[in-house]
Amino acid sequence: MPMPVLAAEPAPLPFDPARTALVIIDMQRDFLEPGGFGETLGNDVSLLQAAVEPCKNALAAAREAGMLIVHTREGHRPDMADAPPAKVERGEPTTRIGCAGPMGRILIRGEAGHDIIAELYPIEGEPVLDKPGKGAFYQTDLELMLKNRGIDTLLVCGVTTEVCVHTTIREGNDRGYRCVALSDCCASYFPEFHRVGLDMIKAQGGIFGWVSDSTAFIAALGAASAGSAAAAA
């Protein structure tokens, strides 16, 4: 199949699907649904819903292309031994990490709120990484997974744009990966933070990476597939 070319800023990016991973960051009930950690911090969780359908479309295309797909979940051990006090001691004492909420203990592994939303639920063979921090590389085996598959490019989706998505892209960039934020597949409780976060990634000739979207990603895969079919005819 011809090499797909992703329409992106600051420049188009050729990519090999076999060496590209779709990384879906923290699309969890605790962040996207009422009663979870996001809401306890005073946020309007409905703002994150904008990313769900584009992310679902990108996920379907990546599955069809046979790409590596990695899902992440932010959360902590039930004993909270991996939860730094500086992180826990935010907000009202009764609505902090580890407290009882409508979907179980807030941001605790194994609780209902910690799980991924139904629309984007992993299928068999898709790794799910539980991470105790913001970045997907911190205290996880993500880099080992990527190296084992010969991955050089990361298409990053999820929430929130300026926190866990941004941190993961910065970490990936420092490790030599070509990182692309799929803009419509990301969202924030603060629309201005979303916009500025994306601008920061692509600034100065792509200081942290590239910015594209789900439509461009799906189109790139489709164009490459059509080119392959035409060449075989």
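The model shown is predicted, which means the values in this text are computed figures rather than measured ones.
Residues Thr161 and Phe190 are not in side-chain contact: their nearest non-hydrogen atoms beyond the backbone lie 4.5 Å or more apart. Under the 4.5 Å side-chain criterion, counting only non-hydrogen atoms from C-beta, Leu182 is in contact with Leu22. Between Pro4 and Pro17 there is a side-chain heavy-atom pair separated by less than 4.5 Å. By the 4.5 Å heavy-atom criterion applied to side chains, Asp115 and Gln28 are not counted as neighbours. Residues Leu6 and Val180 meet the side-chain proximity criterion, which asks for heavy atoms closer than 4.5 Å. Here the side chains of Trp210 and Lys202 are not in contact, with every heavy-atom distance at 4.5 Å or above.
In terms of heavy-atom proximity, His194 sits nearest to Ser183 at CE1-O, 3.2 Å.
Note that the CG atom of Asn43 and the CG atom of Leu32 stand 11.5 Å from one another [nearest 0.5 Å].
Applying side chain to side chain donor-acceptor pair (under 3.5 Å) to Asp26 and the options Lys131, Arg73, His71, His114 leaves one that passes, Lys131.
By the rule that hydrophobic residues join a cluster once side-chain heavy atoms approach within less than 4.5 Å of another member, Phe15 and Leu68 end up as members of separate clusters. Taking hydrophobic clusters as Ile, Leu, Val, Met, Phe, Trp and Tyr residues chained together by side-chain heavy-atom distances below 4.5 Å, Val23 shares a cluster with Val165.
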(request) Please assess Val159 against Ile25 for the test side-chain contact (heavy atoms from CB on, under 4.5 Å), listing each intermediate value before the final yes or no. (result) CA-CA 6 Å; Val159 298; Ile25 304 291; over 6 Å; no
